[in-house]
Amino acid sequence: MPPPLRPVTPPPSDAERAALAWAHSARFLTTASQLDQLPPGDLPEIAFVGRSNAGKSTAINTLAQRRQLAFASKTPGRTQHINLFALGPKDQPDAYLADLPGYGYATVARTAKLRWQKVMADYLEVRRNLHGVVLLVDSRHGLTPLDQRLLEFIAPRVVNGEVRLLVLLTKADKLSRKEQDAALRAGQDALAELATEEADVGLLLFSGLNRTGLADLASTVHDWTHSGRPVPGPDA
């Protein structure tokens with residue numbers, strides 16, 4: 001019996017190709033265990049956050065087309081710093097991507113967990129540069145109680161439009177089409193309370209393996225950080 005046919009992904013548009021080229025400029029900038037160690041200035045930041053096994057490092061590496069830009073710790077839950085990556089021209093970056101520590105592993109020592117959870121909370125609650133949050137959720141399991149708590153925490157900044165939100169349903173290649181549709185419906189239901197006139201809330205299936213949702217992710221992050229400025233061409 002021949003293998004099932006996979007849906008054909010349409011080629012990216014010119015705007016999507018430009019956004020992907022911009023995302024490929026990502027490079028490591030600094031790591032910080034406290035907010036005062038982050039760079040000053042007003043460049044927009046996009047935070048990637050999620051459970052330790054939700055595929056955050058894979059999503060960042062796929063977006064940047066760099067195999068080991070973001071590292072997944074061999075011991076889940078042990079990464080306890082904010083890693084910042086610069087985007088845009090090499091001599092003058094125009095945005096930052098913030099890789100926040102994963103959460104959800106009970107094996108981490110309580111004192112360490114409380115310390116870096118407070119750093120994460122402070123970042124999400126008061127960081128002025130924060131323009132958007134990409135919450136990574138394993139599409140096979142949906143939003144967990146911990147994911148719901150994070151949504152509740154950032155809700156005040158999301159509903160008034162201060163911070164944008166994209167929920168990325170990862171590992172979508174492991175689901176059938178019917179299961180993908182069910183995951184999207186469940187995600188839409190979970191996000192319904194955040195959908196105000198001011199809010200910018202999105203939901204996207206994603207797979208690092210077959211690049212499902214990659215162009216949409218790049219376009220979304222670029223749009224968030226450039227506030228209506230025209231997308232430059234790939235050679236700009």
Side-chain angles (χ1 to χ4, degrees), residues 19-105 108-109 111-136 150 153-154 157 162-166 168 170 208 217-218 220-227 229 232 236:
L20 285 164
W22 172 79
H24 295 172
S25 71
R27 63 271 186 195
F28 176 77
L29 180 68
T30 190
T31 186
S33 58
Q34 301 292 336
L35 294 193
D36 59 11
Q37 296 172 352
L38 293 171
D42 58 359
L43 288 185
E45 295 172 6
I46 304 300
F48 278 57
V49 64
R51 290 179 62 93
S52 296
N53 58 354
K56 180 161 55 70
S57 296
T58 297
I60 292 172
N61 290 335
T62 303
L63 178 64
Q65 286 298 284
R66 298 275 298 278
R67 184 169 295 182
Q68 292 185 320
L69 182 67
F71 286 90
S73 173
K74 292 182 180 179
T75 304
R78 290 295 175 85
T79 303
Q80 300 174 14
H81 298 80
I82 296 173
N83 292 314
L84 213 63
F85 307 100
L87 291 153
K90 192 170 184 179
D91 57 345
Q92 192 175 2
D94 52 24
Y96 295 134
L97 189 158
D99 180 8
L100 271 58
Y103 55 83
Y105 271 85
V108 182
T111 53
K113 184 189 299 185
L114 291 176
R115 177 175 58 79
W116 60 252
Q117 283 184 348
K118 184 179 188 308
V119 173
M120 272 183 57
D122 289 344
Y123 177 88
L124 293 170
E125 186 174 26
V126 305
R127 181 70 172 168
R128 182 174 60 87
N129 303 55
L130 182 63
H131 278 217
V133 172
V134 179
L135 172 60
L136 293 101
L150 186 136
F153 185 79
I154 64 174
R157 300 186 76 180
E162 180 184 355
V163 170
R164 300 161 180 85
L165 172 67
L166 174 66
L168 207 62
T170 63
L217 172 60
T220 298
V221 172
H222 184 277
D223 290 346
W224 284 355
T225 53
H226 288 72
S227 301
R229 284 182 284 165

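Keep in mind that what you see is a predicted model, and the values were worked out from it rather than measured. We number each residue from 1, following the sequence as shown.
Interatomic distance, CE of M120 versus CZ of F153, reported as 9.0 Å (0.5 Å rounding). In this structure, W224 CH2 and L130 CG are separated by 9.5 Å, a value rounded to the nearest 0.5 Å. The distance from atom CD1 of I60 to atom CZ of F48, rounded to the nearest 0.5 Å, is 5.5 Å. With rounding to the nearest 0.5 Å, the separation of CG in L63 from OG1 in T58 is 12.5 Å. Distance check: F85 CZ to R66 CZ gives 9.0 Å after rounding to the nearest 0.5 Å. With values rounded to the nearest 0.5 angstrom, L69 atom CG is found 5.5 Å from N61 atom CG.
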From CA spacing to verdict: side chain to side chain contact (heavy atoms under 4.5 Å, CB included), V163, H131: CA-CA 5 Å; V163 170; H131 278 217; over 6 Å; no
Side chain to side chain contact (heavy atoms under 4.5 Å, CB included) assessment of F28 paired with L84: CA-CA 6 Å; F28 176 77; L84 213 63; over 6 Å; no
Residues D99, I82; criterion side chain to side chain contact (heavy atoms under 4.5 Å, CB included); working and verdict: CA-CA 6 Å; D99 180 8; I82 296 173; over 6 Å; no
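Q92 places no side-chain N or O within donor-acceptor distance of the main-chain N or O of P89, the cut-off being under 3.5 Å. With K90 contributing its side chain and S25 its backbone, the two residues share no donor-acceptor pair below 3.5 Å. Listed for the R128 side chain is no donor-acceptor partner under 3.5 Å among the backbone atoms of D42. A donor-acceptor pair is defined here as one N or O able to donate and one able to accept, closer than 3.5 Å; such a pair exists between the side chain of R157 and the backbone of L124. Under a 3.5 Å cut-off, the side chain of N129 and the backbone N or O of G41 do form a donor-acceptor pair. Checked by atom type and distance alone, the side chain of T225 never pairs as donor or acceptor with a backbone atom of P44 at under 3.5 Å.
Looking at every heavy atom in both residues, T62 comes nearest to G208 through OG1-CA, 3.7 Å. Listed here is the closest heavy atom pair of A64 and A26: CB-CB, 3.8 Å. L29 and P39 make their closest contact through CD2-CG, 4.2 Å (heavy atoms, listed as atom of the first residue, atom of the second, distance). When all heavy atoms of R127 and L35 are compared, the closest pair comes out as NH1-O, 4.5 Å. Nearest heavy-atom pair across A59 and L136 is CB-CD2, 3.4 Å. The two atoms that bring T31 and Q37 nearest to each other are O-OE1, 4.4 Å, heavy atoms only.
A distance below 6.0 Å separates the ring centres of H222 and W22.
Looking at heavy atoms from C-beta onward, Y96 lies out of side-chain contact with L38 at the 4.5 angstrom threshold. Using a 4.5 Å heavy-atom cutoff, the side chains of V119 and Q34 are in contact. L135 is not listed as a side-chain neighbour of L166, based on a closest heavy-atom distance of 4.5 Å or more.
Among V221, L87, V134, the single residue meeting the side chain to side chain contact (heavy atoms under 4.5 Å, CB included) criterion with L97 is L87.
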